[in-house]
Amino acid sequence: MVLFVTSNTGKLSEAQAHLQPIEVEQLKLDLDEPRGSLEEIAMAKALQAYREVGKALFVEDSGFFIESLGGFPGAYSAHVLKHLSLSDVVALIDKKEKEGATRAAYFKAVVAYIDDSGIRLFKGRVDGFVAKDVRGEGGFGYDPIFIPKGYEETFAENEGLKRNMSHRYRALIALKSFMLKESPS
Ligand code: ITT
């Protein structure tokens with residue numbers, strides 16, 4: 001069993017699926033979120049959580065990076081969705097496209113795992129585009145406006161597609177193989 005410190009139920013259910021057969025339990029802690037890169041934020045949160053609970057755990061910091069906005073919202077992704085709707089984001093990217101920019105975007109996840117032997121980072125990324133409209137009911141966050149490269153549906157329209165290629169899947173598969181190597185039983 002491993003603790004996942006998060007308040008995001010979308011992240012939690014994906015982590016429970018990706019880490020099987022390792023059991024994942026949610027732990028809600030009110031952690032400070034420093035400004036910085038996903039790596040810096042994930043490390044700081046993992047250290048703070050470990051100081052509080054003293055048990056093996058991981059945190060995951062992720063974000064949606066839009067090329068024409070210089071990577072924004074990135075580490076501010078959760079915050080931005082509290083103030084803007086997904087259609088606002090699409091409208092902004094439509095405007096940028098008219099000015100000659102691409103619709104390229106990616107998701108990135110950084111998992112920080114910590115136990116008594118230290119802290120380790122595992123990363124994943126998936127590239128694609130900002131959709132022309134908000135589509136689909138599945139997933140969470142920016143899923144209804146993200147189309148992975150080579151496909152036509154958004155992650156929210158096709159959760160099966162998301163399952164095996166997402167940034168979170170890639171980071172957590174790396175964590176899983178590390179954990180199974182550490183304690184194979
Ligand atoms: P915790 O910190 O409690 O884990 P959070 O949602 O605040 O939850 P982050 O600070 O890492 O987590 O913010 C990540 C945001 O990036 C998330 O809230 C979404 O808006 C977006 N995001 C990350 N992964 C995503 C995914 O798989 N699909 C859609 N949006 C995603």
Side-chain angles (χ1 to χ4, degrees), residues 2-19 24-50 52-53 57-66 69 71-90 92-93 105-114 121-131 134-149 151 153-173 175:
V2 63
L3 295 170
F4 180 16
V5 182
T6 184
S7 56
N8 182 322
T9 51
K11 282 186 180 183
L12 176 69
S13 56
E14 289 183 21
Q16 285 170 329
H18 298 325
L19 284 184
V24 177
E25 235 173 65
Q26 181 182 22
L27 178 63
K28 286 193 198 170
L29 291 178
D30 199 13
L31 300 174
D32 304 327
E33 195 158 310
R35 281 172 199 270
S37 63
L38 296 183
E39 285 82 356
E40 289 164 336
I41 298 170
M43 296 247 278
K45 285 166 79 173
L47 283 166
Q48 196 193 334
Y50 191 70
E52 283 188 32
V53 271
L57 58 84
F58 68 95
V59 304
E60 184 257 89
D61 220 74
S62 43
F64 187 53
F65 295 75
I66 302 176
L69 303 181
F72 190 78
Y76 304 101
S77 295
H79 185 69
V80 162
L81 278 197
K82 288 187 190 136
H83 302 279
L84 293 183
S85 69
L86 291 175
S87 348
D88 291 335
V89 178
V90 169
L92 191 57
I93 301 315
Y106 64 90
F107 279 118
K108 180 175 170 184
V110 177
V111 167
Y113 171 81
I114 185 164
L121 296 186
F122 302 91
K123 304 178 197 182
R125 170 176 168 155
V126 57
D127 284 274
F129 304 94
V130 177
V134 182
R135 296 195 323 241
E137 304 297 325
F140 67 96
Y142 296 80
D143 285 338
I145 63 164
F146 179 74
I147 301 175
K149 217 182 224 163
Y151 296 86
E153 289 174 301
T154 65
F155 269 178
E157 286 179 297
N158 189 341
E159 285 185 285
L161 186 62
K162 180 178 186 187
R163 200 166 302 129
N164 297 321
M165 65 152 71
S166 78
H167 51 311
R168 184 162 301 102
Y169 168 78
R170 290 173 174 154
L172 288 171
I173 283 301
L175 170 64

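Please read these numbers as outputs of a predicted model, since none were measured by experiment. Numbering of ligands and ligand atoms starts at 1, following listing order.
- Taking the six-membered ring for Trp, Phe107 and Phe65 have ring centres at least 6.0 Å apart.
- Scanning all protein heavy atoms for the shortest distance to atom 31 (C) of ligand 1 gives Phe107 CE2, 3.5 Å.
- Atoms of ligand 1 lying under 4.0 Å from any heavy atom of Asp61, numbered from 1 in the order shown and given with element: 10 (O), 11 (O).
- Polar contact with ligand 1: absent for Glu14 (N/O pair, distance under 3.5 Å).
- Atom 7 (O) of ligand 1 has Ala78 CB, 3.9 Å as its closest protein atom, hydrogens excluded (heavy atom only).
- In this structure, of Glu33, Lys82, Arg168, the residue bringing a heavy atom nearest to atom 10 (O) of ligand 1 is Glu33.
- The closest donor-acceptor contact from the side chain of Gln48 to the backbone of Lys45 lies at 3.5 Å or more, if one exists at all.
- In this structure, His167 has a heavy atom closer than 4.0 Å to ligand 1.
- A donor-acceptor pair under 3.5 Å links the side-chain atoms of Ser77 to the main chain of Phe64, judged by distance alone.
- With respect to atom 14 (C) of ligand 1, the closest heavy atom belonging to the protein is Ser62 O, 3.1 Å.
- Looking only at protein heavy atoms, the nearest one to atom 6 (O) of ligand 1 is Asn8 ND2, 2.9 Å.
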Please list, one pair per line, the donor and acceptor atoms closer than 3.5 Å that link side chains of residues 9-18 to other protein atoms, with sequence neighbours excluded.
from	atom 1	to	atom 2	distance (Å)
Lys11	NZ	Glu60	O	2.7
Ser13	OG	Thr9	O	3.3
Ser13	OG	Gly10	O	3.4
Glu14	OE1	Arg168	NH1	2.8
Glu14	OE2	Lys162	NZ	2.6
Gln16	NE2	Val24	O	3.1

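- Residue-ligand proximity: Lys45 is placed with a non-hydrogen atom under 4.0 Å from ligand 1.
- For atom 27 (O) of ligand 1, the closest non-hydrogen atom of the protein is Lys162 NZ, 2.7 Å.
- Shown here for Leu57 and Ala46, the closest heavy-atom pair between the two residues is CD1-O, 4.1 Å.
- Residues passing the side-chain contact (heavy atoms from CB on, under 4.5 Å) test with Met165, sequence neighbours excluded: Val126, Pro148, Tyr151, Phe155, Leu161, Arg170.
- Taking atom 28 (N) of ligand 1 as the reference point, the nearest protein heavy-atom neighbour is Asp143 OD1, 2.7 Å.
- Annotation: atom 12 (O) of ligand 1 to nearest protein heavy atom, Lys11 NZ, 2.9 Å.
- Ranking the protein heavy atoms by distance from atom 4 (O) of ligand 1 puts Thr6 OG1, 2.6 Å first.
- In terms of heavy-atom proximity, Ser87 sits nearest to Val134 at N-CG2, 3.8 Å.
- Taking 4.5 Å as the limit, every side-chain heavy atom of Leu27 sits out of range of all side-chain heavy atoms of Phe4.
- No salt bridge links Glu153 with Arg135; every basic N to acidic carboxylate O contact stays at or beyond 4.0 Å.
- Nearest residue to atom 21 (C) of ligand 1 from Tyr142, Phe155, Tyr76, Phe65 is Tyr142 (criterion: closest heavy atom).
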